[in-house]
Amino acid sequence: MIHTLGQVMLYVKDQENALKFWTEKADFILVSEEKYGEMSWFEVAPKDAVTSIVLHNKEQIAKMQPELNLQTPTLMFFSDNLAHLYEDFKKKNITVEELVNMPSGRVFNF
């Protein structure tokens with residue numbers, strides 16, 4: 001049976017810029033950098049997280065697996081201090097939308 005979401009694959013146009021965003025702006029850590037033949041990818045995650053994000057080159061994956069859906073998934077992150085995270089992202093010039101009150105709690109998109 002499934003007990004944990006291990007990884008989320010993000011297919012990006014520019015792996016280096018995506019890596020900089022997640023590590024420099026979102027304060028994720030670089031878990032690993034892998035190379036397999038012509039393919040390479042970065043695995044990033046919040047410190048001590050169970051689930052990680054793998055940054056793949058969208059163009060390479062499209063060539064190798066044209067049937068694969070390469071659209072960006074919606075990711076929902078949780079924080080112990082959402083207001084602080086929101087202000088931190090704004091200070092780092094990350095585009096954020098307004099904090100919204102939902103039935104399940106407060107949220108914002110970035």
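Owing to the predicted nature of the structure, the values given are computational and were not obtained by experimental measurement.
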Participant: Counting only heavy atoms from other residues, nucleotides and ligands, does the tally under 6.0 Å from NZ of Lys92 exceed 12?
Facilitator: yes
Participant: Quick one: do Asp88 and Lys25 make a salt bridge, cutoff under 4.0 Å?
Facilitator: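 Result for this pair is no, no salt bridge flagged.
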Participant: Can you list everything that forms a side chain to side chain contact (heavy atoms under 4.5 Å, CB included) with Asn81? Sequence neighbours excluded, please.
Facilitator: Ala83, His84
Participant: So which residues get pulled into Val31's cluster when ILVMFWY side chains under 4.5 Å apart are joined, directly or through others?
Facilitator: Ile29
Participant: Begin from the C-alpha positions of Glu34 and Glu43 and carry the test side-chain contact (heavy atoms from CB on, under 4.5 Å) through to its verdict.
Facilitator: CA-CA 8 Å; Glu34 304 292 334; Glu43 181 180 2; 5.7 Å; no
Participant: Quick one: side chain to side chain donor-acceptor pair (under 3.5 Å) pairs with a partner in residues 59-76, sequence neighbours left out?
Facilitator: none
Participant: Tell me which pairs pass side chain to side chain donor-acceptor pair (under 3.5 Å) where either residue lies in residues 10-19, with sequence neighbours left out.
Facilitator: Asp14-Asn17
Participant: Is the closest side-chain heavy-atom distance between Met39 and Met64 below 4.5 Å?
Facilitator: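 Yes, close enough: below the 4.5 Å cut-off.
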Participant: Each residue besides Phe28 in its hydrophobic cluster should be listed here, by chain and number; the cluster joins Ile, Leu, Val, Met, Phe, Trp and Tyr at side-chain heavy-atom distances under 4.5 Å.
Facilitator: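 Reading the cluster by chain and number, Phe28 sits alongside Leu5, Val8, Leu10, Val12, Leu19, Phe21, Trp22, Leu30, Phe42, Val44, Ile53, Leu55, Leu75, Phe77, Leu82, Leu85, Tyr86, Phe89, Ile94, Val96, Leu99, Phe108, Phe110.
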Participant: With a cut-off of 6.0 Å (strictly less than), are more than 12 heavy atoms of other residues, nucleotides or ligands near NZ of Lys35?
Facilitator: yes
Participant: Can you list the other members of the hydrophobic cluster that holds Val100, where links are side-chain heavy atoms under 4.5 angstrom apart?
Facilitator: Met102, Val107
